[in-house]
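Chain identifiers are assigned alphabetically (A, B, ...) following the order of the sequence lines, protein sequences preceding nucleic acid strands; residue numbering begins at 1 within each chain. Remember, predicted model here, so these are calculated numbers, not experimental data.
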Amino acid sequence: MTELSKRFNFKEVDEKWSNHWVDKGLFHTKPHKDKKPYTIVIPPPNVTGILHMGHALNDTLQDIIIRYKRMNGYEALWMPGTDHAGIATQNVVEKQLAKEGQKRQDLGRDAFVERLWDWKQQYGDTIIHQLKKLGSSCDWSRTRFTMDDDYSHAVKDVFIKLYAKGLIYRGQYIINWCPRCQTALSDEEVEHEDLPGNLYHIKYALKEDPNKFLVVATTRPETMLGDTAVAVNPKDERYKDFIGKNLILPLVNREIPIIEDDFVNPEFGTGAVKVTPAHDPNDFDIGKRHDLPFINILNPDATLNKEAGADYEGMDRFEAREVIISTLKEAKLLTKVEQHTHAVGHCYRCHTVIEPYISKQWFVKMKPLAGPARDAVTTGAIKFYPDRWTKVYLNWMDNIRDWCISRQIWWGHRIPVWYDDQENIYVAYNEEEALAQARDKRGEAVKLRQDPDVLDTWFSSWLWPFATLGWPNKSEDLDYFYPTASLFTASEIIFFWVARMVMAGIEFIGEIPFKDVYIHGTVRDTEGRKMSKSLGNAIDPLEIINEYGADALRFSLIMNSGQDLFVSKEKFEVGRNFANKIWNATRLILMNTSEIDSNFDITKKEHIQTMELSHQWIISKFYTTLQKVNQSIESYRYSEAETLMYEFFWSNFCDWYLEIIKNKWDDKDTQNVTYKILELSLQMMHPFMPFVTEEIWQHIKPEAGEICTSLWPEIQSQLIDESKEEQMSYVIDMITAVRNMRAQWNISPKLKTKCYFDASGNTTFNIQEHEQSLLRLAQLETLEEDIKITQRKNIAITLVHGIKIAIDLGEVVDVAKEKARMIKEREGLIKLKDNLAKRLDNKSFTDKAPKEVVKKEKGRLEALEQKTEELQKVIASLH
RNA sequence: GGGCGAUUAGCUCAGUUGGUUAGAGCACCUGACUUACAUUCAGGGGGUCGAGGGUUCAACUCCUUCAUCGCCCACCA
């Protein structure tokens, strides 16, 4: 027998097994005729990513179900990979360059992209290594990257198909512009944050009568340099006479018309709106409606350009704001400054304030894609867990807007579009093809230039569930593993990714990409803040793995994973302690089981029935637990599953069963049953704590291969016996009652006491059968039957399930104290009894409540009555 | 402005169709180094389930109003 260390040494074990599993290819999958597939695609972490708690949670959830399904005989594929994460990754490398005093422009596009690939080569797999440390049982041989050649081909294919269908178009619109990243962003990539700001009231003089003014209100005064009108509501009596007249725009001295538009809300501000069509989405619409000029006053970096006038050219937008305010103030044109909180959009990558900005971009028409994606959820083909996210999803689908997919960065999928000198568009897989198209169209060879932009990262991610399986090529993999079974992600990603994957799956494959969407909570610190590097409140999962072990990290995270989780370092102790408990229980068992019968079959009821209660009980208890664990896992209630296992293993198995059988190791049944229950428990716990269970498995069942490929225990319902569980609960209650009395009387644990009982009140339970257990676990010297128990002196006595049980207190007894304790107990019982009696007296209760409830309550009342009566007798007899 | 979620022990949370005396972990208190484990064991204290109203024989659970906190969505400058 191998000697086991006193503590579970996760440091050696974790790495050993994660390497072993991968090296042996145990998670490798392939289409399999006789097995059902179960597929999950990982939400591909960014190549820039390092494992944070959000990943740890997300990936543990997936690993649990994938290990569970694998053990249940499925061909369980967990598809791993990483996302090129356009803006994020480019930012990282640009920062690196900045340290060298360079800009991407200094390198030029090709060299810069090459540098990004170098970076990816060097650091891109960091998170993959970290996922392995966590125990993630992905099929690593399939690891994909969203910029792999074949994946890129899929992206182009999709672009070309959608363009052909008229679902992709190019146009000049107002979009969200990040001045730092210098690219367009989709609406989803803008994070709104309510910020305190000011509403500035500014006087615009009437051209026709310079002494008359119209006052407009704005939060962004610098945009006035691009104003091309002022709008009022046509129904607004105050401004009726102004409509059609002209104003002189202060600072700029441009003549602008006063127009009417229903959009204007007379209640807000002054009821007169300055219209800046090039720098505000609403004004853009107004500008289109009224055919106004669009004056762009910003450079891409959000400094003002020459349209803004010589005084402001080159100034930063926020500096310009200050200057303009003070200039207006001096000119007495600023009539009022109101405090005003408003939502300011920020870039989700760098948190810079975004600018609404006019530019020519590529868009996906979303309405035609949204319809079927909506239906997939309303018909129940796709289900959200928890269900409330359904509404969030549908709401987004119903209010969907077109998706801006072009990005002015260099890292990503280059838009497969070429232009000729006449701005004709050629959409093609490559330049050669585009040239051919151009030749056909123009009748001569022409020079083309490719669109410089790349596609939004999510334009490749939305293909993940099938592009990873070889699409657009037909493949056995795709046939077999698609659609996937379940998707695990955080709520932030529903719009970015989940919703769009549904669209893409239906559009390109004709089939939904997954059936269940499990939305898990966000990991926060104890103050409820999101964990983030910049806040410095992040707990590093790798640090936890180092200090507590991967099993501890996994177990503790899941334990806390009801809704959002608030974690602190100490919370990981639960998992560490539990792993250690499993380890030490194994040590005990291995030390005492030398003669395991290899033919022992725990499923044989006839054999089990001949055993003593404790064995039957633990077997029944195990299968009861297993049954519940199965249900919990199947319904995505993982923390519940863990609670069940924890309770079973620690409380039932270790604290009771192992203690009870401790002096019976020479019994064969004891050895066989204990060993087998350990084995089964390890399997049940394996998806949750893969490392400790695998390590132990190798000590107790080395001939059986790896536990991760073992078959999940089948429920043996013939061995589930409630009566055994009840009988055992009597033993437990009895021991507890005696321990209780001992504690109350401060009896030293070293001192064994005499114990007496009177079982005349319970004929179904034979206490003497359990004498050994009671003697040992309750520290008793003797256990004697005594029908005149209440006449004894110097005892403490209590009633358990109709059985009077008393311990001898020797000379120390204080009868008054004991009596007082029992009176107090009796009072409590009487209160309960009275309440119950009242309820049963109530005719409407007995009439309306279900019969079984009434019956149950009657039974309870009888038991309570009996107990109070007995207690009364005991009290009366105490002297 | 709309929607969603939360509010249960000092802390973090369970509580699945309404039905025993509302549970767990941590923390706390008492006791024990009992040769599997002090990352342990035994015992204990602690909750009018956010507030008010309602439905019901019965409410932590259903309805309603309110309060506090959090999240998401929204073009009112």
Reckon [X] has a side-chain N or O less than 4.0 Å from the OP1 or OP2 of [N]?
X	N	result
A:K391	B:C4	yes
A:W650	B:C41	yes
A:K848	B:G19	no
A:H340	B:A77	yes
A:K581	B:C41	yes
A:R401	B:C75	yes
A:R860	B:U21	yes
A:N399	B:A74	no

Counting the atoms with a prime plus P, OP1 and OP2 as sugar-phosphate, which does [X] contact under 4.0 Å by heavy atoms, base, sugar-phosphate, or nothing?
X	value
A:Y200	nothing
A:K274	nothing
A:K843	nothing
A:N560	sugar-phosphate
A:R637	base

Please give the distance between the [atom1] atoms of [N] and [M] as a whole number of Å.
N	M	atom1	answer
B:C63	B:U16	P	14 Å
B:G46	B:G25	C1'	15 Å
B:A9	B:G2	P	31 Å
B:C49	B:G23	C1'	12 Å
B:C29	B:U34	P	22 Å
B:G47	B:C60	C1'	11 Å
B:A24	B:G15	P	15 Å
B:A6	B:A51	C1'	16 Å

Is the closest basic N to carboxylate O distance between [X] and [Y] below 4.0 Å?
X	Y	value
A:K855	A:E852	no
A:D280	A:R220	yes
A:E547	A:K569	yes
A:E865	A:K833	no

Check your understanding: Would one find more than 12 heavy atoms of other residues, nucleotides or ligands at under 6.0 Å from atom CD of A:E12?
Key ->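 It does not: A:E12 CD has 12 such atoms or fewer within range.
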
Review point. Does NZ belonging to A:K664 count more than 12 external heavy atoms closer than 6.0 Å?
Key: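 Check passes, neighbour count above 12.
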
Ignoring the backbone of [X], work out which of [options] is nearest its side chain.
X	options	result
A:H192	B:C76, B:U40, B:A74	B:A74
A:V264	B:U16, B:A77, B:C57	B:A77
A:N740	B:G43, B:C57, B:U16	B:G43
A:L832	B:G5, B:C76, B:U21	B:U21
A:K662	B:A36, B:U39, B:A77	B:A36
A:F566	B:A74, B:U12, B:A36	B:U12
A:C654	B:G44, B:C13, B:A36	B:A36
A:F263	B:A74, B:U16, B:A77	B:A77
A:A849	B:C4, B:C57, B:A77	B:C57
A:V273	B:A77, B:C37, B:C73	B:A77

Exercise for review: Round to a whole Å and report the spacing from CD1 of A:I354 to P of B:C75.
Suggested key: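 Going from CD1 in A:I354 over to P in B:C75 covers 11 Å.
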
Practice item. In whole angstrom, give the distance that lies between atom CG of A:D280 and atom P of B:C75. Key: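 Nearest whole value for this atom pair: 11 Å.
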
Check your understanding: Does A:F691 have its ring centroid less than 6.0 Å away from the ring centroid of A:F8?
Key ->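 Distance test on ring centres: not under 6.0 Å, no.
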
Check your understanding: A:F688 and A:F555: aromatic ring centres closer than 6.0 Å?
Key ->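 That pair fails the under 6.0 Å test.
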
**Study point:** Intra- and interstrand pairs of RNA chain B - dot-bracket, Watson-Crick/G-U under 3.5 Å, | marks other strand
**Key:** (((((((..((((.....[...)))).(((((.......))))).....(((((..]....))))))))))))....

Check your understanding: Are A:R500 and A:W403 in a cation-pi contact, defined as NZ or CZ under 6.0 Å from the six-membered ring centre and within 45° of the axis?
Key ->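 Checked: cation-pi criterion met.
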
Practice item. Carefully, step by step, assess A:S632 and A:E640 under the rule side chain to side chain donor-acceptor pair (under 3.5 Å). Key: CA-CA 6 Å; A:S632 298; A:E640 185 183 84; 2.6 Å; yes

For nucleotides 24-28 of chain B, give me every protein contact, N/O to N/O, under 3.5 Å, one pair per line with atom names.
none

Practice item. Could you walk me through whether A:H201 and A:V337 pass side-chain contact (heavy atoms from CB on, under 4.5 Å), step by step? Key: CA-CA 6 Å; A:H201 293 244; A:V337 180; over 6 Å; no

Review point. Parallel, tilted or perpendicular for A:W583 and A:H699, by the 30°/60° rule?
Key: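 It falls in the perpendicular class, over 60°.
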
Check your understanding: When the nearest nucleotide of RNA chain B is assigned to A:R7 and to A:Q744 on a heavy-atom basis, which residue is associated with the more 5' position?
Key ->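 Its nucleotide being nearer the 5' end, the pick is A:R7.
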
